[in-house]
Protein chains: 2
Amino acid sequence: MSILVVGSVAFDSVQTPFGRVEEVLGGSGTYFSTSASFFADINLVAVVGEDFPQRHLDFLRARNVNLEGVKVVPGETFRWKGEYGYDLNEAKTLDTRLNVFENFKPILPESYRDADFVFLGNIDPELQSQVLDQVRHPELVVCDTMNFWISGRREALLKTLTRVDILMINEAEARQLAEEANLVKAAQSILSMGPKTVVIKRGEYGALMFSEHTIFAAPAYPLETVFDPTGAGDTFAGGFMGYLAANRNFGDGSIRQAIIFGSVMASFVVENFSLDRLRDLEYRDIEERFRRFKLLTEFEGL
Amino acid sequence: MSILVVGSVAFDSVQTPFGRVEEVLGGSGTYFSTSASFFADINLVAVVGEDFPQRHLDFLRARNVNLEGVKVVPGETFRWKGEYGYDLNEAKTLDTRLNVFENFKPILPESYRDADFVFLGNIDPELQSQVLDQVRHPELVVCDTMNFWISGRREALLKTLTRVDILMINEAEARQLAEEANLVKAAQSILSMGPKTVVIKRGEYGALMFSEHTIFAAPAYPLETVFDPTGAGDTFAGGFMGYLAANRNFGDGSIRQAIIFGSVMASFVVENFSLDRLRDLEYRDIEERFRRFKLLTEFEGL
């Protein structure tokens, strides 16, 4: 099984209270693909500039990420610059340069069009729809979005959502999308927009999953070292969808486990800058932390 | 088994986006006692003014709260006035009148001094110590505190903490007490101050429990109706300690269940103003919501 992913591949410059890095590998497509690659093969759709170094492409390829859909075009790669204070929950964006990403039109190679699993990273909802137009009969479509599209491209986003199975969104964005302060009511409202399941990401507080008949709450893994939260949401989505694709079961029990796998992957990626913590990660490390999650949340019933 | 509680009994005036109440029954001792009374008998130590109505005393007595240690003195009862915005996580205090509480000296009736279980509500740590001085050989001491005492009475608080088994504290206060931004490290630092267990309350995000060898994370129950969060922390503490006293087991498994019972009680109390939601609550409602908590957090292991 393989997952079709559309998202950004970028250079990030990040400052946190614990250090600073310049122009390291980043982007939603990169974080998602690397994380999901521990569970499934990945077909990535993205664009980079001619300045994008071969070693980053080699890294992704070595992780079984198919780069046939990654276009290299004249110009510079997407760049993001941000910083975090001691409250690591929110990034302050210092600079965004879309560069080659500005005119990104996702064209799927023929070999991608039979994808069973599609992850629509956080890009213009119009482009997300165009990706879906090119996929013949996807089995599961998972979508991310953000405040920028909710306020600026609401109509296009609502159209995309009618074609989405699972929406992943953060807490403030869920409230914004539903125009409702209460999170339970906001989730119910989002479920009426199309998705059968909504996963609400709460950063260091974990995640909530809502579907028609069930709610699941997962904590984040309490870490002694949180170095850089950049990419945590996409890494979460990668572990989540990677597990669903590998397990090929979209029932409630499987989605719950997928949320834990997503949380596990996110808990690793924040332990170092960029994707560095995932570079030497092994599948047994993932399983070990999954077991710790079980111990973290377990209590005896009545 | 019975629990000795020291805390405030007060009149609260509260405004939330959903309504407003004037001079309703409140106070940390009241919330704790009412909540814990579903599990155990309560011996309350507090002070009220001559304006305190008989019907509130009757309510507590009907819930098996022993009021022998509640002194009625000349003057007015403690009054608190606060409001909440749509973000119900934090109260804005509009007015605090300590009144008779200002000169409160907790004197324990002889019948209270053999208490096995002691809950030190959020009062001056000096007074908390004085309460412990009067208890012969407590089996379990649970303590609450707040930013005001952490900054203003640090030395006295540190002295009290050496005599405490379980500290309940909110997230920001845990960071403040430990002078450490990372919550895991903050908890470890607090454990070195005396308590064997620290329970960190995170409002709508639930609670984390740390002891030497274990961490437990519990979500808050996702509610469609959050009416008034006043007293949620004390109600949580009441359910938590009530269950521990009833179960008479202070092992890790029992503490985990106690945290869920605390969360259950808090989830009820916020559904209405004052203690109103607890007035007609029955034990089977508590068990029913405990079971829902189990479903909320459950996932299959590997």
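Throughout, protein chains are lettered first and strands after them, A, B, ... in sequence-line order, and every chain is numbered starting at 1.
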Novice: Anything in residues 173-189 of chain B with a heavy-atom distance to chain A below 4.5 Å? Please list those residues in order.
Specialist: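 Answer by number: B:Arg175, B:Ala181, B:Asn182, B:Val184, B:Lys185, B:Gln188.
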Novice: Would you please go through residues 248-270 of chain B and name the residues with a non-hydrogen atom below 4.5 Å from one of chain A, in numerical order?
Specialist: B:Arg256, B:Gln257, B:Ile260, B:Phe261
Novice: Between B:Lys294 and A:Phe299, is there a side-chain heavy-atom distance shorter than 4.5 Å?
Specialist: yes
Novice: How about B:Phe18: does its CZ atom have over 12 heavy atoms from other parts shown lying under 6.0 Å from it?
Specialist: yes
Novice: Sub-4.5 Å heavy-atom contacts with chain A: which residues of residues 220-233 of chain B show up?
Specialist: B:Pro222, B:Leu223, B:Glu224, B:Thr225
Novice: Compare every heavy atom of A:Phe216 with every heavy atom of B:Thr297, then report the nearest pair and how far apart it is.
Specialist: O-CE1, 3.4 Å
Novice: For B:Tyr86, look at atom OH and say whether over 12 heavy atoms of other residues, nucleotides or ligands are found less than 6.0 Å away.
Specialist: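 Open.
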Novice: Kindly check if the number of other-residue, nucleotide or ligand heavy atoms within 6.0 Å of CZ (A:Arg154) is above 12?
Specialist: yes
Novice: Against chain A, work out which of B:Ile215, B:Leu88, B:Leu296, B:Leu295 has the most heavy-atom pairs shorter than 4.5 Å and name it.
Specialist: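 Of the options given, most contacts go to B:Leu296.
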Novice: If the contact rule is any heavy atom under 4.5 Å from chain A, which residues of residues 197-209 of chain B qualify, in numerical order?
Specialist: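 Contacts with chain A: B:Arg202, B:Glu204, B:Tyr205, B:Leu208.
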